[in-house]
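Reviewing the structure listed below.
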Amino acid sequence: MPKSGDALEKFYIATAIPYVNAPPHIGHALEFVQADVIARYRRLLGEEVYLATGADENSLKNALAAEKLGISTEELCLRNSEAFKVLVDSMGISYSAFIRTSIKGDHWKTAQDLWSLCNKNGDIYKKKYKGLYCVGCELFYTENELVDGLCPEHKTKPELVEEENYFFRLSKYQNMLEQLLTSFKIKVTPHFRGNEALGFIKAGLEDFSVSRSVKRAHGWGIPVPGDESQIMYVWFDALAYYLTAAFFSVDEKRFRSLWPVDLHVIGKGITRFHALYWPAMLLSAGLETPKEILVHGYITVEGQKISKSLGNVIDPAALLKKYTSDEIRYYLIRDIPSFDDGDFSEKSLIDRVNKELLGDLGNLVNRVLTLAEKSGLKEFRGNSELESGIDIGSVQERFSNLELHEALERIMEFVRKCNAYVNSKEPWKLQGQELESVLYNLLESIRIAAILLFPFIPTTSLKISKMLDFEIKGISDCRFRDSFTGKITRQGYLFRKIE
RNA sequence: AGCGAGGUAGGGUAGCUCGGAGUGCCCGCCGGGCUCAUAACCCGGAGAUCGGUGGUUCAAAUCCACCCCUCGCUACCA
């Protein structure tokens, strides 16, 4: 809730950073959009929002892929990360920082500083690690990952390999983590994801490996401070990115103004890392734990899981050639539940755009503009009978519960009510004060709808604000003013019908 | 197997905490209306044994018990 008068409240929100060994797919776009919608909403509340994202590049897979292609790993990462950066930019994501973890500099120093803090606290120690290692994958497998005792990729028998690595004392934080989660000091949304994490804790936490040999890592990754023979485990360094983006090692004052993370936006596959490993690492380093973690589901395509072998990977870059970023943003939030898996289909994307963006919103704006222009009026006053058509409090509640699809649904319900209002009032038959009052209601309603829709479809909202000559500043403007006086200028259609 | 979530019209959902006529929303389907609007918009209708069985109750989608089905999580996977 906005607190007028007080200093600006900060809101630090961050997406997970995607592995860049594959190009972006629609699931990445979903996460970016969700984070951006929340970020833009918090700005409307008057908060100082900091949105971090980036690319996770220190994976062994990158080193292996680069070797295959005969290029340097740096070159490969640059190339692949660029695709993510382009996606983030073209989806209109209002990020404050884009961190690439393979770039030697702030991030390396931050990851190493975090390591040193944990180490100083006695939570990092050396241990012999024995595991089933597949030479082909260059990965350790657990018993139950194997298929008939063989590597699922190569169908070969993995070797029993022993290696000395550093371990993080996760077990030490078992009780503290349980306490943080049950007391909602770390709130996991939706709730059942938090229960999963708690269930995991109850089964007993074991320390986890946080390094591997330079050889096994192919020399790729961030060196362990004080031990040149070891490279940090990718997760340790990837999680440290949240500190890097907040200037942890370079600007203490700024860091203190940003920390802790108010909201992590992540996929369901990495809940454990964010709800358990990461808070434990922060506790060890003496840093504040995140306040909330939003866990979204995965996107299926025509009911099928996304996978390369099925060839059903949806390339958001290709979508962006056919549809505007607002159209894709709208579809992703509208059709994919915030907390669960959702199905992608281009047909329903087209349906949503044609039916709702064009048919409901675009049509409303267009018909009201025409009526307002024809009226010749410059100022509009009247009763405020349409104002009750939307319950701002209810929309805000949905936002703060992170039920983005529900928030959007409420707003679009209002848009439909406005269309019904036009039909029932038949303003084309009215004149004088009656006509003015109807137009006043519609213009004010469109203005409010545009503000509320701004987090979802910012480009469209800005277009509307230009046509009706108002500014999008904050949620507090979402109530009827005494009169509507904006200069109305038509600037074409908001949406084109997709055939 | 253990823990968790869920099964509501052809599809997708809300309602369930704190029982009160199967109530709501979106898509699809059928019929009508309007002409301000991008064949857009509005209204009405058909369509559900609210997973099953049993129980509590004057009354159950909602509470209790049992069963069936689906899906997540269970150590390094957006």
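None of these values were measured; they are calculated from a predicted model. Residue numbers begin at 1 in each chain, while the letters A, B, ... track the order of the sequences.
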* Asked: Does anything in residues 423-431 of chain A reach RNA chain B, meaning a heavy atom under 4.0 Å, and if so which residues?
  ->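 Those residues are A:Asn423, A:Trp428, A:Lys429.
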
For [N] and [X] - does any side-chain N or O of the residue sit under 4.0 Å from the phosphate oxygens OP1/OP2?
X        : N     : value
A:Tyr493 : B:U38 : yes
A:Arg410 : B:C25 : no
A:Lys355 : B:C27 : yes
A:Arg416 : B:C26 : yes

Looking at [options], which one has an atom nearest to any side-chain atom of [X]?
X        : options             : answer
A:Asn419 : B:A40, B:C76, B:C42 : B:C42
A:Thr370 : B:A75, B:C25, B:C36 : B:C36
A:Glu406 : B:A40, B:A14, B:A78 : B:A14

* **Cation over ring face, A:Lys127 and A:Tyr166, 6.0 Å, 45°** =>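 No, A:Lys127 does not sit over the ring of A:Tyr166.
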
* Under the 6.0 Å and 45° cation-pi test, does A:Arg272 pair with A:Phe200? ->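 Output yes; distance and angle both within limits.
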
Roughly how many Å apart are [M] and [N], using the [atom1] atom of each and rounding to a whole number?
N     : M     : atom1 : result
B:G24 : B:G15 : P     : 16 Å
B:U13 : B:G7  : P     : 9 Å
B:C25 : B:A48 : C1'   : 16 Å
B:A46 : B:G31 : C1'   : 10 Å
B:A61 : B:G22 : C1'   : 8 Å
B:A14 : B:U56 : C1'   : 27 Å
B:U23 : B:G45 : P     : 12 Å
B:A60 : B:U53 : C1'   : 15 Å

Applying a 4.0 Å non-hydrogen cut-off, can you work out what [X] is touching in the nucleic acid: base, sugar-phosphate, or nothing?
X        : result
A:Arg334 : sugar-phosphate
A:Ala203 : nothing
A:Gly204 : base
A:Ser348 : nothing
A:Asn354 : nothing
A:Gly199 : nothing
A:Leu369 : nothing
A:Phe192 : sugar-phosphate
A:Leu205 : base

* Is there a donor N/O on one and an acceptor N/O on the other, under 3.5 Å, for the side chain of A:Tyr277 and the base of B:A75? ->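 A donor-acceptor contact between them is present.
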
* Asked: Of A:Pro337 and A:Arg352, whose closest RNA chain B nucleotide lies nearer the 5' terminus?
  ->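 It is A:Pro337, whose closest nucleotide lies nearer the 5' terminus.
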
* Return the 5'-most residue of the pair A:Asp351, A:Asp340 with respect to RNA chain B, ranking by each residue's nearest nucleotide. =>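 The residue mapped nearer the 5' terminus is A:Asp340.
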
* Distance-only polar pair, side chains of A:Arg496 and A:Asn354, donor-acceptor under 3.5 Å ->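 No pair is found: no donor N or O on one side chain lies under 3.5 Å from an acceptor on the other.
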
* Hey, what's the ring geometry for A:His191 with A:Phe184, parallel, tilted or perpendicular (30° and 60° as the breaks)? ->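 Rings of A:His191 and A:Phe184: tilted, 30 to 60°.
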
* Asked: Which word best sums up how the rings of A:Tyr277 and A:Phe208 line up, parallel for under 30°, tilted for 30 to 60°, or perpendicular for over 60°?
  ->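 Geometry flag for A:Phe208 against A:Tyr277: parallel rings.
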
Aromatic ring proximity, centroids under 6.0 angstrom, [Y] and [X]:
X        : Y        : value
A:His107 : A:Tyr241 : no
A:Tyr440 : A:Tyr421 : no
A:Trp278 : A:Phe273 : no

* Integer-rounded Å distance: B:C41 P and A:Lys417 NZ ->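 It is 18 Å, rounded to the nearest whole Å.
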
* Distance in angstrom units between A:Lys497 NZ and B:A37 P, rounded ->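 Nearest whole value for this atom pair: 17 Å.
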
* Watson-Crick/G-U partner (both atom distances under 3.5 Å) of B:C36 ->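 Partner of B:C36: none.
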
* Are A:Phe339 and A:Arg193 close enough, and set up right, to give a side chain to side chain contact (heavy atoms under 4.5 Å, CB included), and what steps lead you there? -> CA-CA 9 Å; A:Phe339 306 145; A:Arg193 295 288 172 207; over 6 Å; no

* Are A:Phe208 and the base of B:A75 stacked, counting only ring centres nearer than 5.5 Å and planes tilted under 30°? ->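 Check failed, A:Phe208 does not stack on base of B:A75.
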
